[in-house]
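Okay, so here's the structure we're looking at.
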Amino acid sequence: MEVWASYSLTDLLLFSPTAYFRLYELNNLALWPFQLLMVVAGLVLAWMGRGEGFGEVRAIGLLLALSWGCVAWWFLYRQYAQIYPMATWFSIVFALQALMLLSAGLAGCKVFGRSAWHSPVNPGLLLLLYALILHPVIGLLSGRSLAGVELFGLAPDPTALATLGILLMRRGTVPWLLGLIPLLWCIVSGLTYLAMEIDYGLLTPLAAVVALVAAALLRMK
């Protein structure tokens, strides 16, 4: 027991921060100019989040599913798994999330939930905007290169945050269930940054938890 107690998250880390952030640069290089399309997709999601038509809900599910599928294959499996074998399992979970989002979107509002856009305060919308805009900016302000910026649909953290934001903008039980994997990933990401001793990485789980709690409190009123 004393031996196990002597270990910390840092001891379990199999890679350096430099190697980890290099993955984002390689990922962006491989997918250029797909980044431009994902920026547009993120803005479209923010606009369609209030939609309740079958076509809009289907489009939301499809865009989110494509984003999770892209991250599962291009980042987690092809990049991250090269330095961290556990990432292969992460890619499987992300692929599963993509299938669930696609299925929910195709099922329409009865499953995906109706819009809660008209709420006076919308934590989901704020979290979505944080994922699309502030999350990449925070990385740049921390000293990371523009080539390694984390964007929705290409990197796991902003994808999980944006998805959770969209789901918190919906009413119903299924959206909350669909938010479990994004929330768990935010926690995993926070622990990874904690192991790398990089404090700003804790903003990812913090933003997710604050938005989730705020949405829950508002719906209890």
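What's counted below: heavy atoms across the whole structure, side chains too, no hydrogens, waters or symmetry copies. Computed from a predicted structure; not experimentally measured.
- The two residues Leu161 and Ala131 make their nearest non-hydrogen contact at CB-CB, 3.6 Å.
- Note that the CD atom of Gln97 and the CG atom of Leu180 stand 8.5 Å from one another [nearest 0.5 Å].
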- Item | Tyr24 and Arg144: CA distance, side-chain angles, deciding distance, side-chain contact (heavy atoms from CB on, under 4.5 Å) verdict | CA-CA 10 Å; Tyr24 292 105; Arg144 292 169 57 182; 3.4 Å; yes
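- Leu99 and Ile166 fall into different hydrophobic clusters, where Ile, Leu, Val, Met, Phe, Trp and Tyr are joined by side-chain heavy atoms under 4.5 Å apart, directly or via other members.
- Every residue two or more places apart in sequence or in another chain that forms a side-chain contact (heavy atoms from CB on, under 4.5 Å) with Ile198 is listed here: Pro17, Phe21, Tyr193, Met196, Tyr200.
- Hydrophobic clustering, with ILVMFWY side chains joined whenever heavy atoms are under 4.5 angstrom apart, keeps Leu184 apart from Leu96.
- Considering every non-hydrogen atom in both Gln35 and Asn28, the closest pair reads NE2-O, 2.7 Å.
- Rounding to the nearest 0.5 angstrom, the gap separating the CD atom in Glu25 from the CG atom in Leu29 is 9.5 Å.
- To the nearest 0.5 Å, atoms CG (Leu31) and CG (Leu36) are separated by 12.0 Å.
- Across all non-hydrogen atoms, the minimal contact from Gly153 to Thr159 is N-OG1, 2.8 Å.
- At least one donor-acceptor pair under 3.5 Å links the side chain of Thr192 to the backbone N or O of Val188.
- At least one side-chain heavy atom of Tyr80 sits under 4.5 Å from a side-chain heavy atom of Ile83.
- Across every non-hydrogen atom of Leu127 and Ala207, the tightest pair is CD1-O, 3.8 Å.
- Follow the hydrophobic side-chain contacts under 4.5 Å out from Val213 and you reach Leu206 in the same cluster.
- Distance check, rounded to the nearest 0.5 Å: OG1 of Thr163 to CG of Leu183 gives 12.5 Å.
- Gly124 and Met169 get closest at one heavy-atom pair: C-CG, 3.7 Å.
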- Task: Could you walk me through whether Trp176 and Leu168 pass the side-chain contact (heavy atoms from CB on, under 4.5 Å) test, one step at a time?
- Result: CA-CA 7 Å; Trp176 285 78; Leu168 292 179; 4.2 Å; yes
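- Taking CG of Leu140 as the reference point, atom OG of Ser145 lies at 8.0 Å (rounded to 0.5 Å).
- Residues Leu154 and Phe34 meet the side-chain proximity criterion, which asks for heavy atoms closer than 4.5 Å.
- Of all heavy-atom pairs between Pro123 and Ala214, the closest is CG-CB, 3.7 Å.
- Between Tyr84 and Phe90, the ring planes lie tilted relative to each other; the angle falls in the 30° to 60° range.
- Following chains of ILVMFWY side-chain contacts shorter than 4.5 Å, one can reach Val40 starting from Leu45, so the two form part of one hydrophobic cluster.
- Contact of the Leu134 side chain with the Leu129 side chain is not registered, since no non-hydrogen atoms from C-beta on lie closer than 4.5 Å.
- Using bins of under 30°, 30° to 60° and over 60° for the plane-to-plane angle, the ring pair Trp68/Phe94 lands in the tilted bin.
- The side-chain hydrogen bond (donor to acceptor under 3.5 Å, both in side chains) search around Ser91 returns none, not counting sequence neighbours.
- Linking Ile, Leu, Val, Met, Phe, Trp and Tyr residues whenever their side-chain heavy atoms come within less than 4.5 Å places Met86 and Ile92 in a single cluster.
- Residues Asn122 and Leu126 are not in side-chain contact: their nearest non-hydrogen atoms beyond the backbone lie 4.5 Å or more apart.
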- Please step through side-chain contact (heavy atoms from CB on, under 4.5 Å) for the pair Met100 and Leu178, ending with a clear verdict. CA-CA 7 Å; Met100 292 191 298; Leu178 289 173; 3.7 Å; yes
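- Residues passing the ring pair (Phe, Tyr, Trp, His ring centres under 6.0 Å) test with Trp73, sequence neighbours excluded: Tyr77.
- His135 places none of its side-chain heavy atoms less than 4.5 Å from the side chain of Leu151.
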- Task: Determine, step by step, whether Phe152 and Leu64 satisfy the side-chain contact (heavy atoms from CB on, under 4.5 Å) criterion, reporting the C-alpha distance in whole Å, the side-chain angles of both residues, the deciding distance to 0.1 Å, and the verdict.
- Result: CA-CA 10 Å; Phe152 164 75; Leu64 290 178; 4.3 Å; yes
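- Taking CG of Leu212 as the start and SG of Cys186 as the end, the distance is 10.0 Å to the nearest 0.5 Å.
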